[in-house]
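Scope of the values below: all heavy atoms of this structure, side chains included, with no hydrogens, waters or symmetry mates.
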Amino acid sequence: AWTNIGACSSGEVITNTIFTRQATFSCFVYDSVAATTTPAACGSATVNQIDVEVIVSWTDGQGDHSVRNVTRFTNWRR
């Protein structure tokens, strides 16, 4: 089972750096027979797909910057 062991808010600074990070988890139930994806509560035992978006941002002498990464985790054994 997947669990969310903590939150990453937009104002959280990565220790000893100028970087802040934000993580957003979106959970789904994918039905391969019907080929449908339905949003679900992340604590649900039926969740078999989690999309995670992580944004790291910082400000330096050249202005504001950010990088974004989206990763899809699936439970392919279901």
Side-chain angles (χ1 to χ4, degrees):
W2 287 303
T3 59
N4 180 3
I5 60 171
C8 238
S9 66
S10 61
E12 184 176 349
V13 177
I14 300 171
T15 306
N16 298 321
T17 73
I18 61 171
F19 304 107
T20 58
R21 64 181 164 214
Q22 179 178 2
T24 304
F25 294 80
S26 302
C27 300
F28 303 92
V29 175
Y30 175 72
D31 181 340
S32 59
V33 174
T36 58
T37 303
T38 306
C42 287
S44 171
T46 60
V47 167
N48 57 8
Q49 178 180 308
I50 299 176
D51 292 351
V52 182
E53 176 187 40
V54 177
I55 299 172
V56 176
S57 56
W58 67 98
T59 301
D60 62 17
Q62 294 182 343
D64 296 333
H65 311 277
S66 67
V67 292
R68 177 179 174 263
N69 182 53
V70 178
T71 303
R72 175 168 289 163
F73 297 94
T74 62
N75 187 347
W76 54 269
R77 291 180 231 177
R78 285 191 173 177

> Got a sec, which pairs hit salt bridge (Lys or Arg N to Asp or Glu O under 4.0 Å) with one end in residues 42-55, sequence neighbours left out?
Replying inline: Asp51-Arg72, Glu53-Arg68
> Does Thr74 reach the side chain of Tyr30, with side-chain heavy atoms less than 4.5 Å apart?
Replying inline: no
> Below 4.5 Å, heavy atoms only, C-beta onward: do Phe25 and Ile50 meet side chain to side chain?
Replying inline: yes
> To the nearest 0.5 Å, how far apart are NE2 in His65 and CH2 in Trp58?
Replying inline: 6.5 Å
> Can you list the residues that meet the side chain to side chain donor-acceptor pair (under 3.5 Å) rule with Asn16, with sequence neighbours excluded?
Replying inline: none
>> Quick check on the hydrophobic clustering: are Val52 and Val67 connected, directly or via other members, by side-chain heavy-atom contacts under 4.5 Å?
In response: yes
>> Using every non-hydrogen atom in the two residues, find where Ser26 and Cys42 come nearest and quote the distance to one decimal.
In response: C-SG, 4.4 Å
>> Looking at every non-hydrogen atom in both residues, tell me the closest pair between Ala40 and Val47 and how far apart they are.
In response: CB-CG2, 3.9 Å
> Quick check: does any side chain N or O of Asn48 sit under 3.5 Å from a backbone N or O of Asn75, one acting as donor and the other as acceptor?
Replying inline: no
>> Quick one, Val54 with Gln22, criterion side chain to side chain contact (heavy atoms under 4.5 Å, CB included). Give me CA distance, side-chain angles, the key distance, then yes/no.
In response: CA-CA 6 Å; Val54 177; Gln22 179 178 2; over 6 Å; no
>> If only side-chain N and O atoms count, and only distance matters, is there a donor-acceptor pair under 3.5 Å linking Thr59 with Asp64?
In response: yes
